[in-house]
A.B. asks: 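The following block contains the structure, expressed as structure tokens.
Owing to the predicted nature of the structure, the values given are computational and were not obtained by experimental measurement.
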Amino acid sequence: MFDRLRLASLIVGSVLFALSTFFWSDGRYGLVGGMLVFYGIGIWAYGLLGVWERIGASRPWLGAVGVLATLLGMLGGVAFGLQGFFGALFDVSAQESLDASAEHPVATGLVLWLLGPILPGSFVLMGLALRLTRLAPTVIAVLVALGGVLFPLGRATRVEFIALSADLFLVPGFFMLALALFRPGRVAVTPDADR
């Protein structure tokens, strides 16, 4: 049952997060996009932690760092999603939001700017860890890592094409990873099996 939920979590969470990009309004998540980020990240987290658990079976320190990075990154992602959600809900313009952030630079820096880059960084780390442990085929590790590299470029520049490009790596990467690690009836893969 746990594996089935992790499989569904990786697929549904990454798809919901990717769908949020289609609801951007002036480079911001907005009401629907923010809601999709909120639920997408909440669902996705369960599967991501399951992947780190598998990685941690052979590389405990790497699994522990990955879990912490994922949790912190997910908090940052939720914060950005809620910023867009509440900005749209209360009809706060992008400039008003930036002005309010400037009045509270430490709090904004800690909640948004410090945690924001950790989520894509955790994807890059996961791709490298998957390759190192050989838990998944190289193509999956590359898709996850490349999605992590493109992710902040699209979100920071607010260029939809770049953000969608990241999603085009992440969604298939996590779909294939879900099947590789958590498909019911699959033969368990031993980490570092071909070493």
A.B. asks: Any side-chain heavy-atom pair from Phe175 and Leu10 closer than 4.5 angstrom?
C.D. replies: no
A.B. asks: Taking all non-hydrogen atoms of both residues into account, name the closest pair between Ala180 and Ile140 and its distance.
C.D. replies: CB-CD1, 4.1 Å
A.B. asks: Taking the side chain as every heavy atom from C-beta outward, state whether Phe23 and Met35 have any atom pair closer than 4.5 Å.
C.D. replies: no
A.B. asks: To the nearest 0.5 Å, what is the distance between CG on Leu36 and CG on Leu19?
C.D. replies: 6.0 Å
A.B. asks: Considering all heavy atoms of both residues, which atom of Pro120 and which atom of Gly148 are nearest to each other, and what is their separation?
C.D. replies: CB-O, 3.2 Å
A.B. asks: Under 6.0 Å between ring centres, would you say that holds for Phe17 and Phe151?
C.D. replies: yes
A.B. asks: With clusters defined by side-chain heavy atoms of hydrophobic residues (ILVMFWY) lying less than 4.5 Å apart, directly or transitively, does Leu49 cluster with Leu170?
C.D. replies: yes
A.B. asks: Going from CE on Met126 to OG1 on Thr133, what distance comes out if it is rounded to the nearest 0.5 angstrom?
C.D. replies: 10.5 Å
A.B. asks: Transitively linked via ILVMFWY side-chain contacts under 4.5 Å: Val142 with Leu177?
C.D. replies: yes
A.B. asks: Less than 4.5 Å apart, side chain to side chain, heavy atoms only: is that true for Val51 and Leu130?
C.D. replies: yes
A.B. asks: Rounded to the nearest 0.5 Å, what separation is found between the CZ atom of Phe123 and the CG atom of Leu146?
C.D. replies: 13.5 Å
A.B. asks: Please determine whether residues Trp24 and Leu153 belong to a single hydrophobic cluster, defined as Ile, Leu, Val, Met, Phe, Trp and Tyr linked transitively by side-chain heavy-atom distances below 4.5 Å.
C.D. replies: yes
A.B. asks: Arg54 side chain to Leu135 main-chain N or O, any donor-acceptor pair under 3.5 Å?
C.D. replies: no
A.B. asks: For Leu31 and Ala88, which heavy atoms make the closest approach, and how far apart are they?
C.D. replies: N-CB, 3.4 Å
A.B. asks: Rounded to the nearest 0.5 Å, how far does CG of Leu82 lie from CG of Leu89?
C.D. replies: 11.0 Å
A.B. asks: With a 4.5 Å heavy-atom cut-off, do Leu98 and Gln95 have their side chains touching?
C.D. replies: yes
A.B. asks: For residues Gln83 and Ser97, report the shortest heavy-atom separation together with the two atoms involved.
C.D. replies: NE2-OG, 3.3 Å
A.B. asks: Give, for atom OG1 of Thr138 and atom CG of Leu143, the distance between the pair rounded to the nearest 0.5 Å.
C.D. replies: 11.0 Å
A.B. asks: Considering non-hydrogen atoms only, spot the tightest contact between Leu16 and Gly40 and give its length.
C.D. replies: CB-CA, 3.7 Å
A.B. asks: Please name the pair of heavy atoms, one in Pro172 and one in Asp167, separated by the smallest distance, quoted to 0.1 Å.
C.D. replies: CD-O, 3.8 Å
A.B. asks: Verify the neighbour count for atom OH of Tyr46: are there more than 12 heavy atoms of other residues, nucleotides or ligands below 6.0 Å?
C.D. replies: yes
A.B. asks: Is Leu128 reachable from Leu181 through a run of I, L, V, M, F, W or Y residues, each pair having side-chain heavy atoms under 4.5 Å apart?
C.D. replies: no
A.B. asks: Should Trp113 and Phe86 be counted in the same cluster of Ile, Leu, Val, Met, Phe, Trp and Tyr side chains packed under 4.5 Å apart?
C.D. replies: yes
A.B. asks: Nearest 0.5 Å, please: how far is CG in Leu71 from CG in Leu48?
C.D. replies: 9.5 Å
A.B. asks: Does Ser9 use its side chain to pair, donor to acceptor, with the backbone of Ile43 at less than 3.5 Å?
C.D. replies: yes
A.B. asks: Are Tyr29 and Phe38 an aromatic pair, judged by ring center distance below 6.0 Å?
C.D. replies: no
A.B. asks: For Ser122 and Leu119, indicate whether the former's side chain and the latter's backbone hold a donor-acceptor pair under 3.5 Å.
C.D. replies: yes
A.B. asks: Given side chains that start at C-beta, do those of Pro137 and Met176 come closer than 4.5 Å, heavy atoms only?
C.D. replies: no
A.B. asks: Are Phe80 and Leu115 side-chain neighbours, meaning at least one heavy-atom pair lies under 4.5 Å?
C.D. replies: no
